[in-house]
A.B. asks: 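The structure under discussion is supplied below as structure tokens; questions concerning it will follow.
Predicted, not measured: the structure shown is a model, and the values here were computed from it. Order of the sequence lines fixes the chain letters, A, B, ..., with proteins taken first and strands second; residue numbering starts at 1 for each chain.
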Amino acid sequence: MKPLLSINNLQAEVEGHEILKGLNLTINPGEVHAIMGPNGSGKSTLASVLAGNEDYDVTGGSVDFDGIDLLDIDASERAKEGLFLAFQYPVEIPGVSNINFLRAALKEIHEHKEIDPLTAKEFLAKVKEKSALVELDGKLTNRSVNEGFSGGEKKRNEIFQMAMLEPKMAILDETDSGLDIDALRIVAQGVNAMRSPERSFLLITHYQRLLDYIVPDFVHVLYKGQIVKSGPKELALELEEKGYDWIKEEMAL
Amino acid sequence: MAYEGDDLLEEVTGKEYEFGFTTNIESDKAPPGLNEDIIRLISSKKNEPEWLLEWRLDAFAKWSEMQEPEWAHVNYEKPDFQSISYYSAPKKKPQLDSLDDLDPEMRATMDKLGISIEEQKRLSGVAVDFVMDSVSVATSFKKKLGELGIIFCSMSEAVQEHPELVKKYLGTVVPKQDNFYAALNSAVFTDGSFCYIPKGVRCPMELSTYFRINESGTGQFERTLVVADKGSYVSYLEGCTAPQRDENQLHAAVVELIALDEAEIKYSTVQNWYPGDKNGAGGVFNFVTKRGLCETRSKISWTQVETGSAVTWKYPSCILKGDHSIGEFYSVAVTNNYQQADTGTKMIHIGKNTNSTIISKGISAGKSQNSYRGLVSINASAKNARNFSQCDSLLMTDRCGAHTFPYIEVNNSSAKVEHEATTSKIGEDQIFYCLQRGLNEEQAISLIVNGYAKDVLNKLPMEFAVEAQKLLAISLEGSVG
């Protein structure tokens, strides 16, 4: 099978500090991968670099996304090619309604894919369908983007946007942080509904709890900017139980 | 950091002024200079009654003794008032019954300006008056308005056809000696629009005037007078453009609004005079006096979207004379490159239970300077007066300036005055968020800025809100840094 995302020896730094130090990862279509690791290991940096945040400088390596040199195109192009990032801290845009924001984004993506734009009626039907997935209130879909949303509402809104934009690959950057059990269940339910043989997910998380709801195909441990251990979903349970020290010790040997 | 750097700033200027064409229309132009003879010439060209000539001469005498004001937070080389031509009119027959009779060159100009009259007629029924180089060339829809008793015509025509109304109201809100530019305008104004809405009539369509400076070395001094008689309503819009020229052109207009008892006037402006090039050369000096008088239970609402002009000096104001009268001021002012704007409002509360609202949204980009200057004055007689002011500034770069100069004078202890102000820089995180959803940077900025200015844009009539949104986006293209 041809991989959807293949990361080779990726190196990146922010403000002169080297964070990613030769990271390798291959994700096939339809797979769900989870990345765990201690604080400061480079998890969120990986998400930002893949999404094209220019605050980070890529200093080496390559990333192939469905046959495209990902590092060669900007954040907007990456989104249009079907790469979605659910932000750890979703941004507020006052005065811009969620609906208009998504309408504009979807229009760009459809134009890029040379698909006819949705009619207003089709678009609204889609909003209704997808917002139901994450039990997002109709009032929230009409409010300004993330403005005055609670922490849980912001995260659900990220998953709602993902469902609307239907990416090939979604990166969820600590989407579970700050969620209570009910919100976690709702978010997971939204993600699971989106799983398909073509669509892949990269879950970045601190806690195995999320993986009870979204069951991954693979779990990786990121430590000091490299993936140091990979395994099946049981690896997450082992990490939960034993912490990261044993991996650090293995590394030291 | 992500969106900094001179290369991006270079791109700012990628979008040049779109309306910088000139039109080859023969014009009848007075020699440069300002003296009593020129004023007599203007008055006689326009076949004016004696009282108006006297009025102009008196204004000129007062102006001659006045000094150009220097208190505004702007810096420019003062115009040489003797090198300007004070009268320029397109030579071909200017008075037309319908736009179909228009000179083809003039018609082409209007098309370039995007004034698709036909379409506007069809879609929204907007009546348009078009003022080029100080002379009104065409007013549409006159007949239809006439059936309701509404007068909407050029000022020169009003002087001929309705002298009693002009004489009664002209200069009653902005006296001819009010300020330096108003006095200059009173002496030399060549045309403008006049509008009268009779008692109890609700004007069924937007009335609109487009102003354009075409000739080089001329100033534009138009005079607008809107009178809404008791219980009437009118919504009025003005738009402005000018050709791209190296020299600075002077625009010194006066707008007077009179809302009699229980009348309402909504006055909206989309100002897009040529702002000068990216190095600050050329551009229009926009020195405008706008003021409205509110009688009992009447309401005047000013909405302005200011994106053009090299220097703007403008304070649309309301005198809340009548009890229970309402004044509103909604403004978005954008400055880019070397533009300077000093704009705001004055709300003068005289009557009891008067209420005013000020929402000002400044957006500064490039190396521009953007100032809000406003006065809220509560007189001793203004029992229970209320004011709410909100003045926000958005910075696009770290080389521009945003300033707020609010003045509040309260002489009645029952008054309630609130003032809120914020200053923020456009967020790189907001832009990245938009990019990650597939929008490009221009779209992201346009979305964020329009969101920021939404409270004001929402006050514009629908068809102009769309135009204003586009104008904001064009004015700020690639301006983040």
Side-chain angles (χ1 to χ4, degrees), chain A residues 14-15 47-48 50-57 73-98 100-113 143-147 154 157-158 160-162 164-167 170-171 173, chain B residues 1-5 7-8 11 305 330 332 359-363 390 392-394 420 422-460 465-466 468-470 472-473 478 480-481:
Chain A
V14 61
E15 288 165 5
S48 295
L50 290 177
N53 186 333
E54 293 181 19
D55 287 348
Y56 298 82
D57 294 321
I73 56 177
D74 69 12
S76 170
E77 295 297 317
R78 292 180 201 194
K80 283 186 259 197
E81 290 295 340
L83 183 83
F84 181 91
L85 172 65
F87 284 66
Q88 184 178 359
Y89 303 108
V91 179
E92 298 183 3
I93 310 179
V96 178
S97 85
N98 229 348
N100 284 341
F101 178 65
L102 276 173
R103 184 110 208 245
L106 202 58
K107 187 169 159 274
E108 287 306 304
I109 289 170
H110 281 176
E111 215 162 83
H112 182 75
K113 290 185 186 166
R143 281 234 300 265
S144 292
V145 178
N146 293 320
E147 199 185 30
K154 282 183 184 175
N157 193 27
E158 291 294 286
F160 165 59
Q161 292 186 20
M162 176 178 84
M164 287 296 293
L165 302 181
E166 299 178 317
I171 303 166
D173 188 7
Chain B
M1 297 298 276
Y3 304 99
E4 246 177 36
D7 47 334
L8 249 172
E11 270 183 46
V305 175
Y330 301 100
V332 178
I359 309 279
S360 163
K361 303 271 183 176
I363 302 168
Q390 186 183 337
D392 296 332
S393 305
L394 184 67
E420 289 178 9
T422 66
T423 302
S424 53
K425 185 162 187 297
I426 191 161
E428 287 175 9
D429 54 346
Q430 289 176 325
I431 293 173
F432 179 64
Y433 192 76
C434 295
L435 294 184
Q436 213 299 309
R437 297 301 185 248
L439 301 174
N440 65 35
E441 190 171 310
E442 305 302 343
Q443 292 166 325
I445 291 171
S446 164
L447 204 70
I448 295 165
V449 166
N450 278 303
Y452 164 79
K454 192 172 123 189
D455 292 347
V456 176
L457 297 177
N458 278 352
K459 299 290 174 185
L460 287 174
V466 175
Q469 282 187 13
K470 283 189 198 146
L472 281 187
V480 172

A.B. asks: Do F432(B) and V91(A) have side chains that get closer than 4.5 Å, going by heavy atoms?
C.D. replies: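 Side-chain contact under 4.5 Å: no.
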A.B. asks: For the atom pair CG (D74(A)) and CG (N440(B)), what is the distance rounded to the nearest 0.5 Å?
C.D. replies: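 Answer for the CG-CG pair, D74(A) versus N440(B), is 8.5 Å.
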A.B. asks: Taking all heavy atoms of S76(A) and all of L439(B), pick out the closest pair and write down the distance.
C.D. replies: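 Closest approach of S76(A) to L439(B): OG-O, 3.0 Å.
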A.B. asks: Run the side-chain contact (heavy atoms from CB on, under 4.5 Å) check on I93(A) and C434(B) step by step: do they pass?
C.D. replies: CA-CA 9 Å; I93(A) 310 179; C434(B) 295; 3.7 Å; yes
A.B. asks: With a 4.5 Å cut-off on heavy-atom pairs, point out which of Q430(B), Q443(B), R437(B), K454(B) contacts chain A the most.
C.D. replies: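 Greatest number of close heavy-atom pairs with chain A: R437(B).
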A.B. asks: Atom CD of E92(A) and atom OH of Y433(B): how far apart are they, to the nearest 0.5 Å?
C.D. replies: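 It comes to 10.0 Å.
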A.B. asks: Please determine whether side-chain contact (heavy atoms from CB on, under 4.5 Å) holds for the pair D55(A) and E428(B), giving the CA-CA distance in whole Å, both sets of side-chain angles, and the decisive distance to 0.1 Å.
C.D. replies: CA-CA 10 Å; D55(A) 287 348; E428(B) 287 175 9; 4.2 Å; yes
A.B. asks: Any chance the side chains of D429(B) and Y89(A) put a donor and an acceptor closer than 3.5 Å?
C.D. replies: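 There is no such pair between these side chains.
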A.B. asks: I'd like to verify something: which residue of S144(A), A79(A), P90(A), G52(A) has the highest number of heavy-atom pairs under 4.5 Å with chain B?
C.D. replies: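 Most heavy-atom pairs within the cutoff with chain B belong to A79(A).
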A.B. asks: Checking I109(A) against chain B: side chain, backbone, both or neither under 4.5 Å from a heavy atom?
C.D. replies: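 Just the side chain, heavy atoms under 4.5 Å.
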A.B. asks: What's the spacing between L165(A) CG and Q436(B) CD if we round to 0.5 Å?
C.D. replies: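 If I round to the nearest 0.5 Å, the distance is 9.0 Å.
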A.B. asks: Measure distances from Y452(B) to the heavy atoms of chain A and classify the residue's part below 4.5 Å as side chain, backbone, both or neither.
C.D. replies: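 Y452(B) touches chain A through backbone heavy atoms alone.
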